[in-house]
Amino acid sequence: MVVTQLNLQFCFQGKKLRGFSCELTRSSHGVLPESSFTIMCQVVVPILLSGLGMMTAGLVMNTIQHWPVFMEVKDLLTLVPPLVGLKGNLEMTLASRLSTAANTGQIDDPQEQHRVISSNLALIQVQATVVGLLAAVAALLLGAVSREEVDIAKVELLCASSVLTAFLAAFALGVLMVCIVIGARKLGVNPDNIATPIAASLGDLITLSILALVSSFFYRHKENQYLMPLVCLSFAALTPLWIFIAKQSPPIMKILKFGWFPIILAMVISSFGGLILSKTIAKQQYKGMAIFTPVISGVGGNLVAIQTSRISTYLHMWSTPGVLPLQMKKFWPNPCSTFCTSEINSMSARVLLLLVVPGHLIFFYIIYLVEGQSVTNSQTFVVLYLLAGLIQVAILLYLAEVMVRLTWHQAQDPDNHCIPYLTGLGDLLGTGLLALCFFADWLLRSKAELGGISELASGPP
């Protein structure tokens with residue numbers, strides 16, 4: 001499909017036309033030209049910044065896991081992935097929606113811009129309050145299944161910490177996303193390439209820091225039996241206000257009515273990743289799990305969010321909901337077509353996949369410099385870690401292609417329905433594969449040590 005874009009600019013003096021300029025752009029690939037180099041230049045800096053943010057979050061998590069509140073209320077660790085995953089469920093989805101709106105010219109008019117921004121921010125506050133409470137319930141249920149006990153005081157602390165953390169993190173990151181998308185639009189940079197990674201660069205760190213501070217505050221005031229229920233009720237009482245503001249935009253109201261299933265299911269998926277984390281973090285063979293979990297989960301989530309946002313923008317620009325372009329008719333494309341063709345979406349998938357190994361090597365090296373001997377530096381673990389990162393991102397990028405096609409065919413917006421699932425899967429895949437890396441490395445080292453002991457024992461006296 002050949003696409004031609006004609007840009008006309010007219011110059012008026014009063015009501016008289018004094019001149020005009022004409023710019024013609026043709027593309028044989030169905031979208032306006034964007035080379036691999038352009039994509040990489042726009043993506044690499046935000047990805048590196050997001051990696052630094054996630055590394056800092058990992059270091060923070062490695063510290064706070066020893067705080068009294070986290071030692072006593074183990075379910076707080078189960079709560080970490082779903083709460084941190086809110087950046088995928090809410091902020092990255094918000095960034096993708098705003099990026100699509102910016103690229104299609106929906107926020108160029110100041111009045112329309114105000115309506116879109118206020119309704120979107122109100123929407124994520126409603127979602128944050130509900131999902132924060134549900135995340136606490138999920139953590140409690142998973143904890144109760146494994147321990148067969150429930151402490152009411154811990155239930156209150158967990159619910160209040162989760163709701164307040166989700167609310168504050170969603171507000172801070174939501175405002176940040178609005179500023180980034182509008183700024184990128186004015187600078188002529190594609191918001192799809194930078195908004196979601198920058199959301200992640202501060203998302204993990206902000207969410208973990210707020211959770212640690214809020215939960216510690218409630219832990220110090222646990223004798224006050226009215227404080228935590230009052231916090232939960234106060235934020236629940238604000239929900240009608242956010243709904244009233246969200247009603248300004250019919251598309252946002254539609255999301256508010258019918259868009260709950262993706263973010264709730266994504267939260268449940270992330271909770272299983274949290275269960276893996278809580279079961280492994282204190283064991284010696286998984287030493288370093290707290291540091292690397294935000295990094296591997298975040299990198300996968302960031303890259304797949306960029307790809308999903310780009311494919312969604314592509315479809316919004318060159319198709320209508322319910323109708324797939326000719327080259328995207330297959331719901332289950334050949335993996336080779338996802339990574340190895342000349343189409344713009346395949347090209348961006350290749351660029352994102354190529355960033356995995358160098359990105360993880362940089363992050364691993366910086367973590368090792370900061371943490372030193374508390375992080376394993378065996379070559380076996382490094383190879384396994386890089387392989388796990390590649391497998392995770394390759395699976396997520398392919399699933400992004402499949403899910404966006406299926407969602408668009410059903411006349412639904414991929415920005416709202418795909419990113420939560422994919423970032424939730426990124427959390428689960430990342431945490432599970434990382435745990436396997438630590439276990440395999442420990443197993444291989446144990447066998448090597450036993451082999452050395454056997455050789456010494458069978459040697460001459």
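Scope of the values below: all heavy atoms of this structure, side chains included, with no hydrogens, waters or symmetry mates.
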Partners meeting side chain to side chain donor-acceptor pair (under 3.5 Å) with [X] (sequence neighbours left out):
{"X": "Thr341", "value": "Ser346"}
{"X": "Ser249", "value": "Arg115"}
{"X": "Asn345", "value": "none"}

Decide side-chain contact (heavy atoms from CB on, under 4.5 Å) for Val126 and Ile243; before the verdict, give the C-alpha distance in whole Å, the side-chain angles of both, and the deciding distance to 0.1 Å.
-> CA-CA 7 Å; Val126 178; Ile243 294 174; 4.1 Å; yes

Within this structure, what is the [atom1]-[atom2] distance for the pair [X] and [Y], rounded to the nearest 0.5 Å?
{"X": "Asn302", "Y": "Ile306", "atom1": "CG", "atom2": "CD1", "value": "6.5 Å"}
{"X": "Leu205", "Y": "Met61", "atom1": "CG", "atom2": "CE", "value": "13.0 Å"}
{"X": "Leu303", "Y": "Leu353", "atom1": "CG", "atom2": "CG", "value": "8.5 Å"}
{"X": "Phe70", "Y": "Thr63", "atom1": "CZ", "atom2": "OG1", "value": "11.0 Å"}
{"X": "Ile391", "Y": "Leu436", "atom1": "CD1", "atom2": "CG", "value": "9.5 Å"}
{"X": "Leu164", "Y": "Thr129", "atom1": "CG", "atom2": "OG1", "value": "10.0 Å"}

Please check if atom OH in Tyr286 has more than 12 non-hydrogen atoms from other residues, nucleotides or ligands closer than 6.0 Å.
-> yes

State whether a side-chain donor-acceptor pair under 3.5 Å links Ser378 with Asp441.
-> yes

Contact between [X] and [Y] at the side-chain level, heavy atoms closer than 4.5 Å - yes or no?
{"X": "Ile276", "Y": "Leu428", "result": "yes"}
{"X": "Tyr368", "Y": "Phe363", "result": "no"}
{"X": "Asp413", "Y": "Thr407", "result": "no"}
{"X": "Ile182", "Y": "Ile117", "result": "yes"}
{"X": "Val295", "Y": "Tyr385", "result": "yes"}
{"X": "Met347", "Y": "Ile344", "result": "yes"}
{"X": "Gln307", "Y": "Ser348", "result": "yes"}
{"X": "Leu384", "Y": "Phe438", "result": "no"}

What do you reckon, are the aromatic ring centroids of His316 and Trp408 less than 6.0 Å apart?
-> yes

Do Phe292 and Phe364 have ring centres separated by under 6.0 Å?
-> yes

Tell me the closest heavy-atom pair linking [X] and [Y], and the distance in Å.
{"X": "Val214", "Y": "Ser161", "value": "CG1-CA, 3.8 Å"}
{"X": "Val402", "Y": "Pro333", "value": "CG2-CD, 3.9 Å"}
{"X": "Trp67", "Y": "Ser216", "value": "CE3-OG, 3.2 Å"}
{"X": "Leu256", "Y": "Trp260", "value": "O-NE1, 2.5 Å"}
{"X": "Leu208", "Y": "Ala57", "value": "CD1-O, 3.3 Å"}

Between the main-chain N or O of [Y] and the side-chain N or O of [X], is there a donor-acceptor pair closer than 3.5 Å?
{"X": "Ser119", "Y": "Val116", "answer": "yes"}
{"X": "Thr423", "Y": "Pro420", "answer": "yes"}
{"X": "Gln125", "Y": "Ala122", "answer": "no"}
{"X": "Gln392", "Y": "Ile296", "answer": "yes"}
{"X": "Ser215", "Y": "Ala212", "answer": "yes"}
{"X": "Ser312", "Y": "Thr308", "answer": "no"}

Give the intermediate values and the outcome of side-chain contact (heavy atoms from CB on, under 4.5 Å) for residues Thr293 and Asp427.
-> CA-CA 8 Å; Thr293 295; Asp427 290 342; over 6 Å; no

Check step by step if side-chain contact (heavy atoms from CB on, under 4.5 Å) holds for Arg405 and Ile311.
-> CA-CA 9 Å; Arg405 294 183 186 201; Ile311 301 172; over 6 Å; no

Going through the checks in order, is the side-chain contact (heavy atoms from CB on, under 4.5 Å) test met by Ile255 and Gln127?
-> CA-CA 10 Å; Ile255 297 169; Gln127 292 174 327; 4.1 Å; yes

